[in-house]
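When reading the values below, keep in mind they use all heavy atoms of this one structure, side chains included, and skip hydrogens, waters and symmetry mates. Letters A, B, ... mirror the listed sequences (proteins, then strands); counts begin at 1. Remember, it's a predicted structure, so these values are computed and weren't measured experimentally.
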Amino acid sequence: MVRKIMHLDLDAFFCAVEELQDPSLKGKPFAVGGLPESRGVVSSCSYAARQHGIRSAMPMGKALHLLPQLIIISSRHAHYSDYSDKVMQRIHQLTPLVEQISIDEAFLDVSDMPEDGAFLAKQLQTRILQEVGLPCSLGVASNKLVAKIASDVGKAGHRGVEPPSSITVVPPGEEARFLASLPTQALWGIGPKSAARLADLGIRTIGDLARLPERVLLDHFGKMGPELHRRALGIDDSPVNPSAGTAKSISNEHTYDKDTREEETILKSLRHLSEHVGGRLRHSNLAGTVVQVKLRWADFTTLTRQTSLPCPTDQDGVIYKTAAQLFQKVWREERYAVRLVGVGVSGLVPAQRQLSLWDVGLEKEHKLLKAIDELRERYGEKIIQRAEEMEQRD
Amino acid sequence: MKINVSQQQFSHGLSIVSRAVSSRSTLPVLSNILIATDEGRLRLSATNLELGITTWIGAQIEEEGATTVPARTIVDLVTALPNTSVQMELDTTTQTLNVVSGTSNTDIKCIDAQEFPPIPTPDLKEGIELSVAEFKQNIQQVGFSASSDEARPILTGVLMTIEGKDVSMVATDGFRISVKKSTLSKAGPTGVSITVPARALGELARVAVNAEEKITMVLPKSRGQVIFHLKDVELVSQLIEGNFPDYRAIIPQSFKTRTELTTESLLKACKQAEIIAREGTNVAKVSINPTGENQPGKIELSATAEQTGSSEITVDASVDGVPLLIAFNVRYLREVLEVVSTANVSLETNAANTPAMLKMVGDDSYMHVIMPMHLG
């Protein structure tokens with residue numbers, strides 16, 4: 001049976017939410033992200049800003065250089081996730097077969113519905129705009145791969161200060177033809193390195209790739225070769241997996257205003273980040289078995305180190321202790337000025353803890369964290385802090 | 001030293017003591033095995049300063065003497081030798097042991113026996129007699145509950161208390177407790193309360209192969225050690241210092257639901273649930289449904305792992321009391337069921353967040369308390 005798969009992507013999501021909060025921003029060039037003084041990056045930028053060459057993930061300093069009058073708004077994540085929830089609720093009312101891939105993107109399988117895919121896409125787009133106030137773009141095709149590329153192509157073809165709100169439909173049987181003229185990097189699994197290797201073989205478009213004998217791909221890309229060949233032809237059997245959308249890891253990063261070589265400062269950041277990650281884990285009722293530390297030196301060399309825990313944790317103390325050990329192991333061998341540190345926890349499972357026969361400290365810690373989480377939820381982040389993090393008052 | 005031993009006996013003796021060889025030690029002699037002539041037999045000893053094992057094997061002794069041989073070298077060599085006699089001669093000036101068997105001739109550099117830590121000799125008159133078969137079972141029934149976390153040394157031990165004829169053994173890792181009571185055939189001392197490393201008891205259970213034998217347990221005065229003496233083997237262990245948690249206060253005194261079922265059916269159900277549970281958080285939910293007027297009682301075990309799948313197993317049981325949904329680390333449940341020696345077991349529960357008690361039906365010498373898991 002031919003499937004009907006939709007890929008939905010909210011248009012400039014963070015900016016669209018900010019515009020709802022402050023309608024005067026409409027049509028103006030602005031960006032959501034970190035401040036240039038603290039060397040932040042652009043998380044999302046309005047379509048007006050895009051016309052000046054500003055893109056997400058660009059350092060904010062560079063964005064300001066391109067457009068000095070750019071309005072900068074700091075990210076308010078709690079806000080965005082509320083809006084994301086509202087959108088996802090509407091999507092779930094259409095079908096339970098939803099795979100959320102990020103805060104602003106999801107796949108839907110609507111194969112069982114009698115209506116035509118383009119009609120369903122239009123209906124959903126209108127509903128989200130009317131009820132939540134957010135614009136979105138959709139791609140409709142017979143599989144996830146082509147649906148995603150279709151929505152990307154629809155958005156990319158857009159010009160102007162208004163959001164694209166595009167709907168791109170690839171009819172069954174047209175997949176290979178639709179992909180043929182696109183650059184190879186549009187395919188899943190082809191990053192800049194693979195694209196360069198393909199270009200060396202004279203392969204620039206997906207169509208070139210599809211014409212290449214499977215044997216040649218096998219030689220150059222090993223086991224991945226035949227899969228790339230299938231993808232180039234627009235073939236993808238992967239199902240829309242409703243449980244795959246749940247987070248695979250939870251992490252937080254901090255970029256220093258000035259690069260630092262102070263071990264104490266870095267450890268303090270690791271503690272702070274561990275508390276953040278722990279809080280987020282507990283908020284989602286999750287625990288993780290792998291702790292990861294990320295370090296970026298001043299020259300942008302980035303390294304990550306990770307280790308597995310004997311049992312899943314959602315405790316700040318355990319995360320910090322592990323993160324600090326990972327960091328110190330690196331620090332003993334190489335020390336450069338640090339630009340960014342990050343702490344992440346993956347291997348997420350539902351938080352189920354083994355209870356103790358008597359209080360071995362773990363339970364105490366658990367109760368303490370629960371109390372802190374509740375205080376912060378009610379009165380904000382700064383209501384309770386470690387003494388070492390407090391600013392001195394005279 | 002000049003001796004002649006059988007390859008088979010020598011190899012067996014080495015396998016008994018080599019478990020006490022220190023794997024990582026700053027003291028080189030602790031990586032060696034002491035070989036010494038001892039009243040017409042050959043004595044083999046190894047120690048890591050916490051645990052020491054000695055065994056004696058038959059030997060033809062031409063010349064008395066002693067040395068210490070690197071454990072890995074001698075164990076691997078003797079294992080590889082043909083099943084005939086092995087002649088060994090020590091050159092005392094160079095501390096080189098010449099090992100000859102068949103056409104093989106090996107020289108091994110040794111360390112002087114003087115450097116080997118002294119191993120205490122027990123005063124057997126002071127000893128407490130234990131039956132091998134019974135003591136081994138006791139070790140098996142409590143040992144697995146001890147902790148392997150070196151951060152809390154006291155929990156890596158088994159608390160042994162002796163009051164005349166009554167012996168109790170207790171182990172806990174903070175999440176479960178095993179308590180075993182037994183009776184001595186000859187009354188022992190009173191007021192004995194020691195914590196023996198679970199690892200040492202595990203090794204004792206391993207080397208005590210003859211169920212008909214007796215073990216003599218000796219506690220040398222104010223040495224902080226215990227010695228277990230068997231006919232051909234002696235095991236000495238440091239005792240663990242510190243206060244063992246007061247486990248009596250934790251043992252539930254009453255229950256709201258009592259479930260009785262066959263050990264085999266519950267063990268099988270746990271093993272099945274564990275296949276799925278081990279891929280996730282090891283949790284098995286246990287739904288306990290009381291016996292009604294027209295329906296038999298049953299318990300349902302279920303396990304889910306996001307990546308792997310889910311499983312549900314129903315087991316018939318006789319259930320008195322209120323229904324309950326409780327979750328356990330299924331490995332803990334399986335481990336206790338594997339050491340239960342009766343055909344039926346009972347599970348006594350109160351609430352989803354309070355300890356449950358597992359007992360052997362018809363044998364009140366054993367209790368196992370297990371703390372449930374909290375479902376997020």
Side-chain angles (χ1 to χ4, degrees), chain A residues 99-100 238-239 241-250 277-290 308-318 321-322 325 345-370 373-374, chain B residues 145 147-152 154-155 170-179 243-252 277-285 303-310 326-333 351-357 368-376:
Chain A
E99 179 178 336
Q100 186 177 347
S238 63
N241 183 355
S243 62
T246 45
K248 290 193 172 62
S249 73
I250 285 184
V277 170
R280 288 174 62 195
L281 283 169
R282 291 189 297 279
H283 185 78
S284 341
N285 249 322
L286 292 169
T289 43
V290 178
S308 292
L309 300 169
C311 59
T313 191
D314 60 0
Q315 305 288 292
D316 304 352
V318 179
K321 204 178 110 191
T322 317
Q325 281 167 359
V345 171
S346 58
L348 300 182
V349 290
Q352 295 164 326
R353 63 201 152 81
Q354 172 66 53
L355 300 170
S356 308
L357 284 161
W358 61 88
D359 213 333
V360 289
L362 279 173
E363 284 300 298
K364 255 186 209 162
E365 172 93 7
H366 190 84
K367 282 178 192 155
L368 174 69
L369 288 172
K370 205 174 153 211
D373 287 346
E374 280 167 8
Chain B
S145 290
S147 169
S148 52
D149 182 3
E150 297 294 332
R152 299 200 67 201
I154 194 78
L155 297 187
V170 184
T172 177
D173 59 4
F175 308 116
R176 49 188 170 161
I177 303 179
S178 290
V179 181
N243 290 324
F244 200 84
D246 181 14
Y247 68 92
R248 286 181 195 83
I250 295 158
I251 292 174
R278 69 184 179 208
E279 304 296 326
T281 47
N282 252 352
V283 184
K285 288 184 196 167
T304 312
E306 178 136 340
Q307 303 293 331
T308 315
S310 60
I326 188 167
F328 292 108
N329 179 331
V330 68
R331 178 168 66 86
Y332 289 0
L333 268 185
N353 57 358
T354 59
M357 170 108 87
H368 185 79
V369 177
I370 174 170
M371 202 63 191
M373 285 187 81
H374 173 82
L375 295 170

### Query
Would you find a donor on one side and an acceptor on the other, under 3.5 Å apart, between the side chain of H368(B) and the backbone of M357(B)?
no

### Query
By a 4.5 Å heavy-atom criterion (distance strictly below it), what part of T172(B) contacts chain A: side chain, backbone, both, or neither?
side chain

### Query
Under 3.5 Å, is there a donor-acceptor pair between the side chain of R282(A) and the main chain of D314(A)?
yes

### Query
If you take all heavy atoms of V345(A) and G288(A), which pair is closest and at what distance?
CG1-CA, 3.5 Å

### Summary
Applying a strict 4.5 Å limit to non-hydrogen atoms, the region of N353(B) in contact with chain A is both

### Contacting moiety of P355(B), where chain A heavy atoms sit under 4.5 Å
side chain

#### Entry: Heavy-atom contact with chain A under 4.5 Å, split by part of Y247(B)
neither

#### Entry: Within 6.0 Å of CG in N243(B), more than 12 heavy atoms from elsewhere
no

